[in-house]
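The structure appears right after this line, and notes come after that.
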Amino acid sequence: MMERVYIGLGSNLAEPLGQLQAALAALAALPQTRLAATSSFYASDPLGPADQPRYVNAVAALDTTLEPLALLDALQGIEQNQGRVRKAERWGPRTLDLDILLFGERLLDEPRLQVPHYHMHARAFVLYPLAELAPDLQLPDGRLLSALLAQCPFEGLERLQA
Ligand code: ROI
């Protein structure tokens with residue numbers, strides 16, 4: 001079954017814009033998967049520890065027949081190919097972060113994967129790019145993206161010219 005998946009991309013090390021562009025090319029090359037759309041790129045100050053560079057974020061829409069954990073494995077492979085080193089520090093800087101935000105209508109609560117992504121509801125750097133791709137989106141719990149956006153100021157986001 002083909003399902004629509006939204007992926008959050010983020011980077012704040014080693015030329016973040018280039019990291020995101022390389023990641024989009026890698027997403028487009030995944031098996032059983034079509035890269036359906038990509039948002040603009042947005043710069044923002046780090047959420048969490050402030051002593052790290054600004055982030056660049058975007059959201060991609062995929063259509064895939066991969067199962068969620070197979071997709072997660074593939075995303076973690078892309079992160080590792082692009083030099084991601086997992087550190088003990090929580091919320092530290094990273095070359096590439098690929099998060100499964102939404103996976104069709106699924107609600108997943110597994111050790112490796114919680115969908116919808118726990119923190120997406122209040123993060124401007126996720127919600128605004130997602131809204132470019134799916135302004136009328138309804139989350140599996142019934143919440144409307146437009147309602148989440150109304151609670152989440154655009155403040156601090158900077159839309160970059162592609
Ligand atoms: N802050 C911003 N602005 N963008 C991110 O992608 C991001 N990712 C994270 C933490 C460290 C929480 N902060 C972030 O994982």
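A quick note: this is a predicted structure, and the numbers were derived from the prediction, not measured.
Looking only at distances, no side-chain donor or acceptor of Gln114 sits under 3.5 Å from a matching main-chain atom of Tyr118. At least one donor-acceptor pair under 3.5 Å links the side chain of Ser11 to the backbone N or O of Thr95.
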### Query
So Phe103 and Thr64, side chain to side chain contact (heavy atoms under 4.5 Å, CB included) or not? Walk me through it.
CA-CA 10 Å; Phe103 202 114; Thr64 189; 4.1 Å; yes
### Task
Check step by step if side chain to side chain contact (heavy atoms under 4.5 Å, CB included) holds for His121 and Leu139.
CA-CA 10 Å; His121 310 94; Leu139 274 57; 3.6 Å; yes
### Task
Let me see the working for Leu102 and Val5 under side chain to side chain contact (heavy atoms under 4.5 Å, CB included), right down to the final yes or no.
CA-CA 6 Å; Leu102 297 168; Val5 177; over 6 Å; no
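Counting only heavy atoms from C-beta outward, the side chains of Asn12 and Val56 never approach each other to under 4.5 Å. Annotation: side chain of Ser39 is not in contact with side chain of Leu9 (no heavy-atom distance under 4.5 Å). Using a 4.5 Å cut-off on side-chain heavy atoms (C-beta onward), Gln76 and Leu98 make no contact. When side chains are defined from C-beta on, Pro140 counts as touching Pro116, because their heavy atoms get closer than 4.5 Å. Taking the side chain as every heavy atom from C-beta outward, Ile7 and Leu101 never approach each other to under 4.5 Å. Using a 4.5 Å heavy-atom threshold, the side chains of His117 and Ile100 count as separate.
Separating the OH atom in Tyr6 from the CG atom in Leu137 is a distance of 5.5 Å, to the nearest 0.5 Å. Expressed to the nearest 0.5 Å, how far CG of Leu27 lies from CD1 of Ile78 amounts to 4.5 Å. Within the model, atoms CG of Leu62 and CG of Leu71 stand 6.5 Å from one another, a figure rounded to the nearest 0.5 Å. Distance CG/Leu66 to CG/Leu72: 11.5 Å, rounded to 0.5 Å. For the atom pair CG of Asn57 and CG of Asp97, the computed distance is 8.5 Å after rounding to the nearest 0.5 Å. Between the CD atom in Gln52 and the CG atom in Leu47 there is a gap of 9.0 Å [rounded to 0.5 Å].
Residues passing the side chain to side chain contact (heavy atoms under 4.5 Å, CB included) test with Glu110 are Leu69, Leu108, sequence neighbours excluded. Not counting sequence neighbours, the partners of Arg112 by the salt bridge (charged side-chain N to carboxylate O under 4.0 Å, His left out) test are Asp73.
A salt bridge does not link Glu89 with Arg94: every distance from a Lys NZ or Arg NE/NH1/NH2 to an Asp or Glu carboxylate oxygen is 4.0 Å or more.
Residues Val59 and Leu30 do not share a hydrophobic cluster, clusters being chains of Ile/Leu/Val/Met/Phe/Trp/Tyr side chains in contact below 4.5 Å. Residues Leu133 and Phe41 fall into different hydrophobic clusters, defined by Ile, Leu, Val, Met, Phe, Trp and Tyr side chains chained together at heavy-atom separations under 4.5 Å.
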Return a table of donor-acceptor pairs under 3.5 angstrom between the side chains of residues 13-20 and protein atoms on other chains or two or more places apart.
residue : atom : partner : partner atom : Å
Gln19   : OE1  : Gln82   : NE2          : 2.8
Gln19   : NE2  : Ala14   : O            : 3.0

Give every donor-acceptor pair under 3.5 Å between a side-chain atom in residues 123-130 and any protein atom, sequence neighbours left out.
residue : atom : partner : partner atom : Å
Tyr128  : OH   : Cys152  : O            : 2.6
Tyr128  : OH   : Phe154  : N            : 3.4

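For Pro93 against Tyr55, the heavy-atom pair with the smallest separation is CA-OH, 3.9 Å. Contact between Leu145 and Ala131 at its shortest, heavy atoms only, is CD2-CA, 3.6 Å.
Leu144 belongs to no multi-residue hydrophobic cluster, having no ILVMFWY side-chain contact under 4.5 Å with any other such residue.
If you run side chain to side chain donor-acceptor pair (under 3.5 Å) between Thr65 and each of Gln32, Arg34, Glu3, only Gln32 comes through.
Residue pairs meeting the side chain to side chain donor-acceptor pair (under 3.5 Å) criterion with at least one partner in residues 40-50, sequence neighbours excluded, are Ser40-Glu132, Ser40-Arg159, Tyr42-Glu132, Asp45-Arg54.
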